[in-house]
Amino acid sequence: MDTLRSMRVFRAVVELDSFVRASERLDLSPAMVSKHVMHLERHLGARLLNRSSRHLSLTEIGKVYFEQCRDMLDNLDEVEATVGRTTVVPRGMLRLSAPVWFANAIFTCTLAAYRERFPEVTFDIDLSGRVVNLVEEGFDLALRVSQAPSPTLIARPIGSIEFHLVAAPAYLARAGHPHVPQDLAQHAMISYSLLANGNELDFDGPQGRETVKFSPVLQCNNESLLHAASLDGMGIALLPSWQTDADLAAGRLVRLFDDFKLAGGKVYAVYTSRRYLSSKVRTFIDFLADEGRLGT
């Protein structure tokens with residue numbers, strides 16, 4: 001039995017979570033699909049799938065094998081396309097990590113528009129806010145906002161997002177309105193704990209760039225909690241415009257320091273340095289960058 005064919009069958013079973021659906025996609029009988037998976041397990045000397053009458057799940061070894069198998073097949077398709085001068089249709093699951101505040105209508109529309117163009121690509125998205133290990137955790141791509149992305153990864157700029165310092169009217173009525181960035185040292189600050197430059201902010205103002213250090217009353221790696229805390233009047237928060245525009249328009253939050261601009265970060269598509277980039281990853285990055293969908 002062709003092991004490479006068996007790997008493609010195994011991938012389809014995992015991504016579709018069904019022997020029957022895999023058989024329909026590949027035009028094979030369910031029995032033949034099962035034989036391909038068993039062939040792989042005998043070949044490797046390890047069980048890849050836990051099976052029951054209602055559920056399929058990967059074993060620990062199966063998880064590792066699936067990630068490697070998927071990447072290898074994607075790369076093989078790219079090589080064959082290059083050699084044969086044919087076009088590979090992007091397909092399969094794209095595992096993506098992004099900040100919490102990407103859970104918004106702008107990004108949702110972007111995903112829908114991409115799938116309209118490439119309907120055979122599906123998404124598995126982590127919006128936990130943590131910095132994932134792309135290799136160890138099997139992610140294809142991460143979208144990260146940074147001024148200096150990690151030199152160990154490939155990072156392509158795809159846009160920029162404005163960040164604002166905001167506070168609730170109730171907080172400003174209680175604590176006073178800061179007039180210049182240096183006043184922040186006397187205020188309750190709400191800080192994103194994954195900021196690369198720690199508890200300090202860079203401002204560009206009439207006198208040039210200045211750096212302000214602060215001591216936060218709340219640190220968290222989840223922007224949704226920071227947003228909620230700022231709305232409740234807990235302090236001053238640095239938040240992306242996507243998350244605050246509606247609140248500013250409704251008067252629930254007030255933007256500070258109109259005469260100063262925060263040194264913002266760019267949005268980067270970050271991926272591991274592979275020799276061949278799968279078509280689903282390449283087309284998704286190109287789609288974000290070429291359409292300017294995530295900001296200028």
Side-chain angles (χ1 to χ4, degrees), residues 14-17 21 70 74 89-134 137-146 149 153-164 166 190 192 194-195 220-231 237-253 255 262 264-271 277-296:
V14 174
E15 291 183 344
L16 297 172
D17 196 29
R21 286 194 289 271
R70 181 188 63 179
D74 284 344
V89 177
R91 60 168 53 89
M93 182 180 291
L94 194 157
R95 293 201 68 208
L96 171 68
S97 169
V100 174
W101 46 269
F102 268 66
N104 62 71
I106 295 174
F107 190 56
T108 302
C109 289
T110 299
L111 296 176
Y114 174 83
R115 284 211 72 245
E116 187 174 341
R117 189 176 300 181
F118 302 108
E120 294 191 48
V121 177
T122 59
F123 291 97
D124 180 0
I125 301 178
D126 182 302
L127 296 181
S128 63
R130 63 194 180 90
V131 178
V132 301
N133 185 308
L134 297 179
E137 299 183 55
F139 283 91
D140 297 298
L141 179 69
L143 301 180
R144 293 175 182 168
V145 177
S146 175
L153 298 169
I154 299 174
R156 177 178 171 184
I158 57 174
S160 60
I161 302 294
E162 286 191 0
F163 281 73
H164 304 308
V166 297
I190 301 171
Y192 184 53
L194 296 181
L195 279 174
C220 181
N221 67 350
N222 185 296
E223 297 93 332
S224 295
L225 179 61
L226 303 181
H227 180 225
S230 65
L231 287 171
L238 176 67
L239 294 170
S241 59
W242 285 1
Q243 206 168 23
T244 60
D245 284 347
D247 297 311
L248 293 172
R252 292 185 294 268
L253 291 174
R255 180 180 173 183
L262 282 159
K266 291 183 178 180
V267 182
Y268 288 91
V270 179
Y271 51 99
L277 192 63
S278 69
S279 59
K280 64 186 176 186
V281 176
R282 176 176 48 77
T283 55
F284 186 65
I285 295 173
D286 289 344
F287 186 77
L288 296 179
D290 296 345
E291 302 287 341
R293 293 177 177 272
L294 300 185
T296 56

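Each residue takes its place number in the sequence, starting with 1. Only this structure's heavy atoms are used, side chains among them; waters, hydrogens and symmetry mates stay out.
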> How far apart are the closest heavy atoms of Phe107 and Leu96, and which atoms are they?
Replying inline: CZ-CD2, 3.8 Å

> Does a side-chain N-to-carboxylate-O contact under 4.0 Å join Arg130 and Glu137?
Replying inline: yes

> Is it true that Phe284 and Tyr271 have ring centroids separated by less than 6.0 Å?
Replying inline: no

>> Please find the pair of heavy atoms, one from Ala237 and one from Ser230, that lie closest to each other, and give the distance.
In response: CB-CB, 3.9 Å

> Any side-chain heavy atom of Ser97 within less than 4.5 Å of one from Arg144?
Replying inline: no

> Excluding sequence neighbours, so at least two apart, what forms side-chain contact (heavy atoms from CB on, under 4.5 Å) with Leu16?
Replying inline: Arg21, Ala22, Arg25

>> Can you list everything that forms a salt bridge (charged side-chain N to carboxylate O under 4.0 Å, His left out) with Asp17? Sequence neighbours excluded, please.
In response: none

> With side chains defined as the heavy atoms from C-beta onward, is the minimum distance between Met93 and Val14 less than 4.5 Å?
Replying inline: no

> Under the ring-ring contact (aromatic ring centres under 6.0 Å, His included) test, which residues partner Phe118, sequence neighbours left out?
Replying inline: Tyr114

>> List the residues meeting salt bridge (charged side-chain N to carboxylate O under 4.0 Å, His left out) with Arg252, not counting sequence neighbours, and say none if there are none.
In response: Asp247

> So how far is it from Leu143 CG to Tyr268 OH, rounded to the nearest 0.5 Å?
Replying inline: 13.0 Å

> Partners of Glu116 by side-chain contact (heavy atoms from CB on, under 4.5 Å), sequence neighbours excluded?
Replying inline: none

>> So, taking the atom named CZ in Arg282 and the one named CG in Asp74, what distance separates them when rounded to the nearest 0.5 Å?
In response: 11.0 Å

>> My understanding is that only residues two or more places apart in sequence, or in another chain, count here; which of them pass salt bridge (charged side-chain N to carboxylate O under 4.0 Å, His left out) with Arg95?
In response: Asp124

> Can you pull the side-chain hydrogen bond (donor to acceptor under 3.5 Å, both in side chains) pairs that have at least one residue in residues 98-109, sequence neighbours excluded?
Replying inline: Trp101-Glu223

> Considering residues at least two apart in sequence or located in another chain, which fulfil the side-chain contact (heavy atoms from CB on, under 4.5 Å) criterion with Asp245?
Replying inline: Ser241

> Between Gln243 and His227, what is the shortest heavy-atom contact and its length?
Replying inline: O-NE2, 3.4 Å

>> Using the side-chain hydrogen bond (donor to acceptor under 3.5 Å, both in side chains) criterion, which residues pair with Asp126? Sequence neighbours excluded.
In response: Ser128

> If you look at every heavy atom in Thr110 and Leu288, which pair is closest and at what distance?
Replying inline: CG2-CD2, 3.3 Å

>> Under the rule for side-chain hydrogen bond (donor to acceptor under 3.5 Å, both in side chains), what residues qualify as partners of Arg115, not counting sequence neighbours?
In response: none

> Does the side chain of Leu239 reach to within under 4.5 Å of the side chain of Ile190, using non-hydrogen atoms?
Replying inline: no

> Is Ile125 close to Leu111 at the side-chain level, that is, under 4.5 Å between some pair of heavy atoms?
Replying inline: yes

>> Can you give me the closest heavy-atom contact between Val166 and Arg255, atom names plus distance?
In response: CG1-CA, 4.3 Å

> Looking only at atom types and distance, does a side-chain atom of Arg117 sit under 3.5 Å from a main-chain N or O of Phe287, one as donor and one as acceptor?
Replying inline: no

>> Any heavy-atom pair between the side chains of Val267 and Phe102 that's under 4.5 Å?
In response: yes

> Leu225: what forms a side-chain contact (heavy atoms from CB on, under 4.5 Å) with it, not counting sequence neighbours?
Replying inline: Cys220, Asn222

> What is the minimum heavy-atom distance between Val270 and Ala155, and which atoms define it?
Replying inline: CG2-CB, 4.2 Å

> With sequence neighbours left out, which residue pairs that include part of residues 102-112 fulfil the salt bridge (charged side-chain N to carboxylate O under 4.0 Å, His left out) condition?
Replying inline: none

> Does the side chain of Asp286 reach to within under 4.5 Å of the side chain of Arg156, using non-hydrogen atoms?
Replying inline: yes

